[in-house]
Amino acid sequence: DAGITQSPRHKVTETGTPVTLRCHQTENHRYMYWYRQDPGHGLRLIHYSYGVKDTDKGEVSDGYSVSRSKTEDFLLTLESATSSQTSVYFCAISDRTSSNQPQHFGDGTRLSIL
Amino acid sequence: ELKVEQNPLFLSMQEGKNYTIYCNYSTTSDRLYWYRQDPGKSLESLFVLLSNGAVKQEGRLMASLDTKARLSTLHITAAVHDLSATYFCAVATYPGSQGNLIFGKGTKLSVKP
């Protein structure tokens with residue numbers, strides 16, 4: 001299994017509070033991704049990173065920011081959480097030097113915003 | 001803009017039967033992936049399809065890719081209960097290794113005795 005750890009695994013918080021989710025990898029992969037998964041929507045890309053300090057927006061980036069200060073860590077921040085951001089968040093990593101390698105996913109963070 | 005459609009979204013099968021899940025996508029791409037997700041779990045990679053006519057098989061599952069028709073299929077042979085899960089296809093947004101993935105909404109498969 002790819003070495004990906006997401007923390008926390010579960011979180012309940014209130015509207016308007018800041019929330020940070022962490023993704024830690026031990027594979028030294030260059031690319032890291034944050035997705036959200038909602039019923040009826042599959043997985044949608046929030047932000048991704050293609051190297052330290054190199055990030056870009058995905059399909060549903062509004063209300064989220066990310067940071068990557070070292071290869072192994074990719075942080076997702078909700079500056080002021082809203083109920084619409086209640087979701088399951090998955091981190092993924094990939095080594096895109098070879099196109100036949102899939103993205104590998106972490107175990108997810110279940111986030112509830114009340 | 002790349003769109004990915006899977007059908008059916010829900011599939012209830014009897015054990016021993018065969019069925020096919022379809023994944024259509026709207027623009028040119030050279031990579032397609034199939035994933036499996038069990039309830040409350042992470043996504044597990046099943047197949048990577050890289051070229052027109054590619055076919056991959058693992059146990060009772062076989063995936064194929066037709067890039068000209070922009071279609072991939074996941075065929076289930078003689079279904080068993082252990083195959084019950086949600087299956088996602090994901091398509092790279094543009095040719096080459098730098099494209100990100102767009103996921104279909106998933107097909108929830110339930111195999112009943």
Exercise. Find out if a path of hydrophobic residues (ILVMFWY) with successive side-chain heavy-atom gaps under 4.5 Å connects Tyr22(B) to Ile102(B).
Key: no

Practice problem: Would you mind reporting whether Leu43(B) and Tyr35(A) have side-chain heavy atoms less than 4.5 Å apart? | Solution: no

Quiz item: More than 12 foreign heavy atoms under 6.0 Å from OH of Tyr19(B): is that the case here?
Solution: no

Quiz prompt | Any residue of residues 36-44 of chain A which, by heavy atoms, sits under 4.5 Å from chain B | solution = Gln37(A), Gly40(A), His41(A), Gly42(A), Leu43(A)

Quiz item: Is it true that Leu75(A) and Ile113(A) fall in one hydrophobic cluster, defined by side-chain heavy atoms closer than 4.5 Å?
Solution: no

Quiz prompt | Single-linkage hydrophobic cluster, 4.5 Å side-chain cutoff, Trp34(B) and Leu9(B) together | solution = no

Self-check item: Common cluster, Met13(B)/Met62(B), ILVMFWY with side-chain heavy-atom separation under 4.5 Å
Solution: no

Exercise. Check the surroundings of atom CD in Glu15(B): do more than 12 heavy atoms from other residues, nucleotides or ligands lie under 6.0 Å from it?
Key: yes

Quiz item: With side chains defined as the heavy atoms from C-beta onward, is the minimum distance between Tyr35(B) and Gln103(A) less than 4.5 Å?
Solution: yes

Self-check item: Point-to-point distance, once rounded to the nearest 0.5 Å, from CD of Glu59(A) to CG of Asn100(B)
Solution: 10.5 Å

Pairs of donor and acceptor atoms involving the side chains of residues 103-110 of chain B, under 3.5 Å and at least two apart or interchain, shall be tabulated with distances.
unit_1	atom_1	unit_2	atom_2	d
Thr107(B)	OG1	Gln6(B)	NE2	3.1
Thr107(B)	OG1	Pro8(B)	O	2.6
Ser110(B)	OG	Lys112(B)	NZ	3.2

Self-check item: Closest non-hydrogen atom pair between Gly106(A) and Ser42(B), with its separation
Solution: O-OG, 2.6 Å

